**Q** 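Next up is a structure, given as structure tokens.
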Amino acid sequence: MDRPEAGAAVADQGESDDADASRGSGLNRRVIALALAGAVGGFLFGFDSSVVNGAVDAIEQEFSLSAGLTGLAIASALLGCAVGAELAGRLADRFGRIPVMILGASLFLISAIGSGLALGVWDLIVWRVIGGLGIGIASVVSPAYIAEISPRRARGRLASLQQLAIVFGIFAALLSDAVFAWAAGGAAEPFWFGLDAWRWMFLAGIVPSVAYGLIAFSLPESPRYLVRVGKEDEARAVLERIQPGEVERAVRDIRNTMKADAEAKQAKGALRGPVFGLRGIVWIGILLSVFQQFVGINVIFYYSTTLWSAVGFDESNAFAISVFTSITNILVTFVAIALVDRVGRRPLLLVGSAGMTISLATMALAFANASGSGEDLSLPGAWGPVALVAANLFVVFFGFSWGPLVWVLLGEIFPNRIRARALGLAAAAQWIANFIVTVTFPLLADVSLLLTYGIYATFAALSFFFVLAKIPETNGMSLEESDTLLPPKGSARRKSGAGATGG
């Protein structure tokens with residue numbers, strides 16, 4: 001998908017925007033409203049990611065599952081997410097951003113109904129995969145749409161709305177799980193119409209999926225897509241609403257960028273390069289996605305209720321802890337939104353990596369002192385509170401750094417001519433990494449929680465050095481300037497040193 005802010009013309013527009021802001025006009029409210037509406041896809045993403053949290057034990061009991069099959073049932077949606085993310089760019093370039101948003105909402109609606117009425121573990125897995133397709137689509141199309149309607153000076157903040165929507169989705173899922181479990185007397189207990197509470201946890205997904213579909217119907221199409229398909233008058237109308245004053249210059253700039261992209265895409269294998277078959281900047285995007293998941297963040301949001309129950313908290317307290325953690329996640333996302341365009345991307349990522357390493361290592365130490373095993377596992381003395389505080393500190397450090405900023409960077413670092421495919425590939429890698437972590441956690445936890453959290457702490461430490469060595473600072477750059485971040489070896493730009501990378 002082609003992104004906004006291409007070339008000098010749009011750079012001029014960004015300067016004009018900055019001037020407007022200095023005169024007190026602030027960010028165009030229509031842009032904020034459209035970005036918020038587009039970010040509802042992130043809410044679905046977060047909701048689907050965590051709604052299974054409260055249902056894990058009940059599903060395991062209902063279908064008499066082993067640890068391995070439990071992990072597969074929980075992680076199965078992520079396989080669909082990987083496929084949906086890979087397809088999203090091509091679908092959105094062919095049919096438009098809005099129709100693909102509606103497709104994602106429809107798939108999630110089907111999944112919510114099917115998962116809630118599942119007859120066995122294998123059809124539950126099928127429904128979860130279908131939902132994953134929808135969430136994978138939303139995970140790519142929503143941030144792309146936000147980027148395409150956002151002015152440069154506020155792109156970091158507006159792109160962070162995607163992560164804010166995700167964490168609100170996580171909170172809503174965990175809260176609804178807790179309410180259903182409390183109302184029924186337990187996740188495995190019967191509730192409305194004789195259906196167990198865990199089934200209603202899934203059926204609750206009907207509400208956000210319908211809301212997302214209805215909102216998508218009301219959104220204007222991306223001006224980048226409209227110019228791409230020759231509907232320039234419609235593009236002008238959209239641009240007049242969201243970036244008034246320089247419409248003709250913006251359309252001309254988009255048209256020139258489209259022409260350059262078309263010429264570049266005539267050559268096959270635009271992603272190919274000398275580093276294991278891919279360009280270096282593509283690997284940077286993939287590794288950003290992988291590190292984001294390999295620190296184990298989604299273990300907190302998929303398995304936290306089970307985890308806290310396993311170490312001595314009763315079910316109601318375990319649900320309450322999970323909800324509290326999701327609230328913490330929301331609050332620190334506001335911190336990220338406030339700082340991302342002021343402090344920059346790299347400093348926040350580095351602080352986040354260091355903090356995650358320490359908090360995860362503390363959790364590993366706490367679990368090293370656990371007594372008992374299996375359902376009799378407990379954390380003696382002060383180790384329970386230590387583990388609880390460390391887990392929430394982990395969420396804090398992740399929430400203002402790697403959570404939102406990976407999505408921001410994935411929308412910024414790729415050159416225009418490969419952005420759609422590279423973003424889709426990076427998002428697919430993220431879902432695959434998420435699947436690996438999710439499906440292996442029950443097996444690793446059966447072996448040793450010390451080993452499990454030690455592994456996550458190691459990846460958090462490695463992420464620090466990865467950022468230090470490989471991640472450029474993109475704060476304040478136009479998207480067109482991403483072409484200068486990592487010039488091909490031997491290129492004129494690299495030889496002359498043109499185009500500062502910013503880090």
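Nothing here was measured: the structure is a model prediction, and the numbers come from that model.
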**Q** Determine, stepwise, if the pair Leu349 / Leu409 fulfils side chain to side chain contact (heavy atoms under 4.5 Å, CB included).
**A** CA-CA 11 Å; Leu349 287 176; Leu409 284 166; 3.6 Å; yes
**Q** Could you pull out the closest heavy-atom pair between Ala391 and Met363, with the gap in Å?
**A**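 Minimum heavy-atom contact is CA-SD, 3.5 Å.
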**Q** Who passes side-chain contact (heavy atoms from CB on, under 4.5 Å) against Ile327, sequence neighbours left out?
**A** Phe171, Val323, Leu331
**Q** As an exercise, state the distance from CG of Leu450 to CG of Leu444, rounded to the nearest 0.5 Å.
**A**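 So the gap between those two atoms works out to 11.5 Å.
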**Q** Measure the CG-CZ distance between Leu462 and Phe294 for me, rounded to the nearest 0.5 Å.
**A** 11.5 Å
**Q** Just so I know, are the side chains of Val351 and Phe400 near enough to count as touching, which here means a heavy-atom distance under 4.5 Å?
**A** yes
**Q** Is there a ring-ring contact (aromatic ring centres under 6.0 Å, His included) between Tyr456 and Tyr453 once you walk through the steps?
**A** CA-CA 5 Å; Tyr456 301 152; Tyr453 281 93; 5.5 Å; yes
**Q** Can you find a heavy atom in the side chain of Ile284 that is under 4.5 Å from one in the side chain of Ile281?
**A** yes
**Q** May I ask you to test the Phe47-Phe108 pair for a side-chain heavy-atom distance under 4.5 Å?
**A** yes
**Q** Side-chain contact test, heavy atoms from C-beta onward, threshold under 4.5 Å: evaluate it for Val83 versus Leu79 and give yes or no.
**A**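 In short, these two side chains do not touch, never coming nearer than 4.5 Å.
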**Q** Check Ala354 against Phe464 and note the closest heavy-atom contact, atom names and distance.
**A**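 Scanning both residues completely, I find the closest heavy atoms to be N-CD1, 4.3 Å.
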**Q** Measure the shortest side-chain to side-chain distance between Lys470 and Leu287 over non-hydrogen atoms and say whether it is less than 4.5 angstrom.
**A** no
**Q** Can you measure from CE (Met101) to CD1 (Ile137) and round to the nearest 0.5 angstrom?
**A**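 Separation between the atoms: 11.5 Å.
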**Q** For Leu410 and Ala426, which heavy atoms make the closest approach, and how far apart are they?
**A** CD2-CB, 3.8 Å
**Q** From Ser353 OG over to Leu468 CG, what is the distance, rounded to the nearest 0.5 angstrom?
**A**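 Answer rounded to 0.5 Å: 10.0 Å.
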**Q** With the side chain counted from C-beta on, respond yes when Phe291 and Val406 share a heavy-atom pair under 4.5 Å apart, and no when they do not.
**A**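 Not in contact.
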**Q** Would you check, one step at a time, whether the test side chain to side chain contact (heavy atoms under 4.5 Å, CB included) holds for Leu360 with Phe459?
**A** CA-CA 10 Å; Leu360 286 167; Phe459 278 108; over 6 Å; no
**Q** State the OG-CE distance between Ser401 and Met356, to the nearest 0.5 angstrom.
**A** 5.0 Å
**Q** The test is side chain to side chain contact (heavy atoms under 4.5 Å, CB included); show your working for Val396 and Asn392 and say whether it passes.
**A** CA-CA 6 Å; Val396 167; Asn392 280 281; 5.6 Å; no
**Q** Please give me the minimum heavy-atom distance between Pro404 and Gly399, naming the atom from each residue.
**A**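 Scanning both residues completely, I find the closest heavy atoms to be CD-O, 3.2 Å.
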**Q** Could you tell me whether Phe466 atom CZ has more than 12 heavy atoms of other residues or ligands within 6.0 Å of it?
**A** yes
**Q** If only atom types and distance count, is the side chain of Ser176 paired as donor or acceptor with the main-chain N or O of Ala172 below 3.5 Å?
**A**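 Indeed, once roles are kept as given, a pair shorter than 3.5 Å links the two residues.
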**Q** For a quick test of reading the model, state the closest non-hydrogen atom pair linking Ser76 to Ala73 and the distance between them.
**A** OG-O, 3.0 Å
**Q** Are the side chain of Arg97 and the backbone N or O of Val141 linked by a donor-acceptor pair below 3.5 Å?
**A** no
**Q** Rounded to the nearest 0.5 Å, how far apart are CD1 of Ile170 and CZ of Phe43?
**A** 10.5 Å
**Q** Show, in sequence, the C-alpha distance, side-chain angles and deciding distance for Phe394 and Thr362, and conclude whether the side chain to side chain contact (heavy atoms under 4.5 Å, CB included) test is met.
**A** CA-CA 10 Å; Phe394 168 48; Thr362 302; over 6 Å; no
**Q** Looking at every heavy atom in both Gly454 and Ala364, which two are closest together, and how far apart are they?
**A** N-CB, 3.8 Å
**Q** Check whether any side-chain heavy atom of Val467 sits under 4.5 Å from a side-chain heavy atom of Trp402, and report yes or no.
**A** yes
